[in-house]
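The structure under discussion appears below in the form of C-alpha cells.
Labels below follow one simple rule: chain letters A, B, ... track the order of the sequence lines, proteins then strands, and each chain is numbered from 1. Everything numeric here is computed off the predicted structure, so don't read it as measured data.
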Amino acid sequence: MEVDDEMIKSIGEEEEKRKPIVVILVGAPGSGKSTFCDHVMRVSTRPWVRVCQDTIGNGKAGTKAQCLALSNTSLKEEKSILIDRCNLDREQRADFVKLGESHQVDVHAVVLDLPAKLCISRSVKRTGHEGNLQGGKAAAVVNRMLQKKELPKLNEGFSRITFCQNENDVQAAMDTYGALSSSDSLPSGCYGEKKADTKVQLGIMKFLKRVDPPNRVRSDKTVPGSLAEIPKENHFVDAGQDQQMGSENGAHPLDSPPPTLAFPSISTADFQFNIDRASEIIVETVEEFINKLGNARLVLVDLSHGSKILSLVKTKAAIKNIDHKKFFTFVGDITKLRSEGGLHCNVIANAANWRLKPGGGGVNAAIYNAAGPDLDTATKNRAGSLAPGKAITVPLPSTSSLFSKEGVTHVIHVLGPNMNPKRPNCLKDDYNKGTKVLREAYLSLFENFASIVNAQEKLSDSSSVKPDSHSHLDGISNCDQKVRREDGASNTERNKKLKGFIGETESKTLYSVDVKENAINSGKKSQSLNKDWGSWAQALYSVAMHPEKHRNDVIEVSDDIVVLNDLYPKAQKHVLVISRAEGLDRLADVREEHLPVLRTMHDVGLKWAQTFLSENESLVFRLGYHSAPSMRQLHLHVISQDFNSKHLKNKKHWNSFNSPFFRDSVDVIQEVSEQGKATLNEDEKFMSMELRCNRCRSAHPNIPRLKSHIGICKSPFPAPLLQNGRLLTKSDAC
DNA sequence: GTTCTAGAAC
DNA sequence: GTTCTAGAAC
C-alpha cells in the first residue's frame, strides 16, 4: 500500500474541533482486525472505542444490534469507533456505514485483504487448536467467507478506503490511524488498491528468478498475495493472454488456491522411460482429465532448471491449447513447494516403488523424508504394495511436517512402468506395454486426485452449512465467533438442541436410503480414493463429514463427534459415537495426539449410556472399538449387554462384541496414553471363536441357541469386565 | 456393514 | 426337510 504522506500531514488544518470517525474494518477471521484496533488504541491520542461483536456479549454471542448501540453511544460522546467484525459483504457493512449519515461523521473502511492461508493459520493458532480437524475446519470457514467477500467501494458511503494486502500495508495503516489526533482527519479516496504492488511482487519475482529464467515477466496488473496465480504467468512458454486477473469491478479472485496436485514425471528417471514418449502421455492424459477437475489444477514438477521433460510437456501442452491455468509446469522441490516456491499444492504425487517403501532415492526418498515416519505408517495402513499403472491415496496425518509446513493433505503413490533392467518388473523395450501402463498410471493418479477434490468439496460444504444451525445469529458478521465455535468452544447449546432426536428410530429407513445413495456416489466418485474401504463402508464417514445431511439419524453433533443410533443395533441400545476427524478411519490410525478425541468420544459415550440407564436401570453398557471395523471412520460402540436384537444374526456379530476383537474404550485410552497406540486384536480367529455367553461363559453350538441362553442367563459378568469401569451399570451412573 | 443363497449340519 | 453357516456380491 502506498500511503501518501504529504496528504496525511496536511490533515486537520481546517478543523480544530474534535470530529469522530467511524472506521469499519473489513477482513476474514485471522486477518488481524483486533491487532489493528489494539495498536491504534494504544498509540493514538484520539479517544477510540472498539466495537467488537466477539466481546460485546460478555462471553455470550454478541449481536449486531449491540454493536450498533455501542457505536451510537460512543459517537454521541464524540469518540471515534473501530468496528471490529468481519464486515465482508456490503450488506453487513451497511448499517455501520449509515452511522456516518446519522452522526455527520466520516466513515472509513480499512480492508485487511491478506492471503487466506495466513488468516487460516492465525485462526487456528488463536484458538489453540493445531490439529488436522480444527485446522481444516478453520480453513473451510475462512475460505467460505472469502468467497462471499465483496470489497468495499466509495459509493457504499465511505469517504476513505484503505486496502491492505500484506503486513507492511497493515502496519502503514495502523500508523496512519494511530497518528490521528482528536482534530485530525484523513483525506478521502481509495488507497492501496490492487495494482502491481512492488513489495509483494518483488518477493514473488525473487522466487521466480530462482526457479525459472525471468524473461517472461508480465507487466499487467496482478493480485499481490494471490499466490495461487504465480505459475500462470511464468511456466508456460507463451502462456498467453491474461485470463484471470481482471478485478475491474471489485470481483477479486479467491486468495485460497484451488485444489492442486503436484506430480513428478513418472518412470522417466530411474525407470528410464523414454522422455519424449512420456511427455506425450502426460499431455494426453492431462488433456483427458483436465475438464473433469473443475477449478482444480495439475502441476508437473521437476527439480531441475534444464528439465527436458518439463520443456517437452510445456511445448506439447501449448500446442494442444491446454488451459495453462489448470495445468502448468513448475521447477522446484516437490516437498517444499509452498515454503520455498510459494505454490500451495494440497496433494502431491509420489513416484513410489512397488513395495511402497521409503528410501531408494529420487522423489520417493525425498517425500518420505519430508513427511516423516507418519507417511510410512499411514501408507502401510492402506496397502502393502502397488502394481505398475496403479495409484493409491494416503491421507497425510496432521502430525507430518509435510502437512504442517507445506499444507499437503494427501500423498498419492503412483507406480509407473519400469524400463530399467536393473529394477524389478522390467519391461525391457516393450513400449507397447510400457505406454499402456504409464497412461494407466497417470489416469489412476488423476482419478485419485479427483476423488480427493470431491471429498474436500463436500467437507467444505459441510463446514459452511453447520453454522447455519445458529440461524438466529447474524450471518457473516459473526464470523469470528463462528470460527471459535467451529473450534469447539461452545457445543452445549447445539448438543441440547439435537438431543431431541433421540428415539426416532423410525428414521432408520431414511438413513438406509442415505447409505445406499452414498454407497452409489462413493462408488462412482471415490472408487480409487479408498480402495481398502468398500463403497458400502463409507456411510459413517459420510455422516461424520455431513451430519447436516443426516439430521434424522444424528442424535448429537459437535465439532469433534457425531452420535447416531446404529442402523442395525445388536442390542436394545446401541449407538455409535463417531469421530469427525478426517483421516482417522479406525483404531489402527489412533495415536497419542488423538487422546483428546478418544476422551471426548468416551465422555460422550458415557453420557449416552447414562441417559439410557436413567430410562432403563436394568441395562448394562460397554463402550469400545472394533479392532478392525468394517465401516470407515473411527467410531465408538456404546452397546447394552443384553444383545437382544434381531440384527444379531451370526458368529461374527457376536464375537465382534464378545471377544478380544472388541477393545474397551478405557483400555484403548490407557494404551494410547502409555504406548502411543492401541493393541489391535484383528485376527480372524476371534471372529470364528466358539460362541460363549458373555456372562457365565457357557458355550453354545449356534446363534439361536446362544440367543435363547443369553435371554435368560442372570450370572454376574466375568471379573475382568467388572474392573476398570469397562462395564457401566446403574450404580456407576449414580 | 447387510443380503442372498448354496450347501453343510442336524 | 429344516436350520444354520459362511462366502460372494453389493
Could you identify which residues of residues 693-703 of chain A place a heavy atom less than 4.0 Å from some atom of DNA chain C, listed by residue number, or say none?
A:Asn702, A:Ile703
Whole angstrom value for the distance that separates P of B:dC10 from CZ of A:Arg705
10 Å
Looking at A:Lys651 and A:Glu690, does any basic side-chain N land under 4.0 Å from a carboxylate oxygen?
no
Between protein and nucleotides 1-7 of chain B, map the contacts as a letter string: B base, S sugar-phosphate only, - none, heavy atoms under 4.0 Å, written 5' to 3'.
BSS----
Charged N to carboxylate O below 4.0 Å: is that the case for A:Arg586 and A:Glu682?
no
Is the shortest distance from a Lys or Arg side-chain nitrogen in A:Asp603 or A:Lys607 to a carboxylate oxygen in the other one below 4.0 Å?
no
Kindly indicate whether the side chain of A:Ser542, heavy atoms from C-beta on, has any atom under 4.5 Å from the side chain of A:Lys549.
no
If we check side-chain contact (heavy atoms from CB on, under 4.5 Å) with A:Val590, which of these qualifies: A:Val597, A:Leu634, A:Ile669?
A:Leu634
Is the A:Phe657 ring parallel, tilted or perpendicular to the A:Phe662 ring (thresholds 30°, 60°)?
tilted
Can you say whether the rings of A:Phe446 and A:Phe263 are parallel (under 30°), tilted (30 to 60°) or perpendicular (over 60°)?
perpendicular
With A:Tyr541, which of A:Arg580, A:Glu582, A:His546 fulfils side-chain hydrogen bond (donor to acceptor under 3.5 Å, both in side chains)?
A:Glu582
